[in-house]
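Inspection log for the structure reproduced underneath, given as structure tokens.
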Amino acid sequence: GESVGLHLPTLSVQEGDNSIINCAYSNSASDYFIWYKQESGKGPQFIIDIRSNMDKRQGQRVTVLLNKTVKHLSLQIAATQPGDSAVYFCAENILTGGGNKLTFGTGTQLKVEL
Amino acid sequence: EPEVTQTPSHQVTQMGQEVILRCVPISNHLYFYWYRQILGQKVEFLVSFYNNEISEKSEIFDDQFSVERPDGSNFTLKIRSTKLEDSAMYFCASSDISGTGGLGGANVLTFGAGSRLTVL
């Protein structure tokens, strides 16, 4: 059947190229920003996070950049692989007395072409 | 690697029926959450639960919704009288002590694979 309402921005990259996924956030009071990866039929999976007082963090093959001036977050994936194909969500994390409340962005579909 | 497990993976129900979605969080985690994702849309926060009580809930989490940790291992979401618009993927998540876990300092929520609810 046809999927209803599935209009995610899509980024197509060649295997081995670098990918840059962008996200705009809204809440200046967020404590952390997190990137999640969601593969088809699975729940969101943590990739990397960055504290609000930082502007760059690097992980294994991934780098997150935070620009608080324009409320912009980006995820860079180096040497993109077929296994990176998924929907990527940025999330704002606000620490509350009862845990963490995540506010997710709309997501970007990353397609890796062989 | 520890994981959050959810059952059922898919449930179809008639409008007005009660539904219970079940979750087994990671055993040493203290904070529990439900999120939902309507097809093609963003993941939305429903409720957080700590120390056997709701710590925060969203506007979506109205009187038709309730959560419970009945036996120290399961964490359930009940929808008392389902509506068509409740059709969504419901994700359970858990985390350890707030403020630790992520290398950047954020607490890492571990999500389950989700329970797809279809209301007819």
Side-chain angles (χ1 to χ4, degrees), chain A residues 1-9 23 25 30-60 62-64 66 73 87-109, chain B residues 1 3-6 9-10 23 25 29-58 61 87-116:
Chain A
E2 184 177 282
S3 295
V4 177
L6 195 64
H7 297 296
L8 291 173
C23 174
Y25 66 90
S30 297
D31 303 290
Y32 299 95
F33 301 89
I34 308 174
W35 281 99
Y36 278 88
K37 172 185 180 182
Q38 186 178 24
E39 296 173 283
S40 181
K42 297 183 180 180
Q45 179 184 9
F46 174 88
I47 302 174
I48 190 169
D49 62 326
I50 186 169
R51 194 166 184 168
S52 59
N53 63 355
M54 301 173 66
D55 53 23
K56 181 179 180 179
R57 273 204 72 227
Q58 286 186 287
Q60 187 177 14
V62 294
T63 300
V64 55
L66 174 62
L73 194 67
V87 177
Y88 290 80
F89 294 94
C90 67
E92 303 172 56
N93 184 27
I94 298 175
L95 288 173
T96 70
N100 295 265
K101 179 180 177 181
L102 294 176
T103 301
F104 283 84
T106 52
T108 297
Q109 174 86 53
Chain B
E1 187 170 331
E3 59 181 24
V4 175
T5 57
Q6 291 185 239
S9 57
H10 189 192
C23 169
H29 283 185
L30 300 176
Y31 296 84
F32 313 108
Y33 312 84
W34 284 100
Y35 284 77
R36 81 170 185 189
Q37 184 178 32
I38 295 172
L39 183 64
Q41 298 186 23
K42 63 178 75 173
V43 179
E44 302 173 288
F45 171 78
L46 291 179
V47 66
S48 59
F49 190 87
Y50 171 70
N51 200 26
N52 284 318
E53 61 183 21
I54 291 173
S55 47
E56 189 164 356
K57 59 184 181 180
S58 71
F61 196 88
S87 294
M89 181 74 91
Y90 288 81
F91 293 106
C92 174
S94 68
S95 65
D96 62 11
I97 295 173
S98 184
T100 64
L103 295 180
N107 195 16
V108 176
L109 271 67
T110 301
F111 285 84
S115 292
R116 180 170 297 284

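Order of the sequence lines fixes the chain letters, A, B, ..., with proteins taken first and strands second; residue numbering starts at 1 for each chain.
Shortest non-hydrogen contact noted between A/K101 and B/F45 is CE-CD2, 3.8 Å. The shortest heavy-atom contact between B/F91 and A/Q38 is CZ-NE2, 3.3 Å.
Interatomic distance, B/Y35 OH to A/F104 CZ, rounded to the nearest 0.5 Å: 6.0 Å.
Among B/Q37, B/E44, B/M89, the residue with the largest count of heavy-atom pairs under 4.5 Å with chain A is B/Q37.
Looking only at distances, no side-chain donor or acceptor of B/Y33 sits under 3.5 Å from a matching main-chain atom of A/L102.
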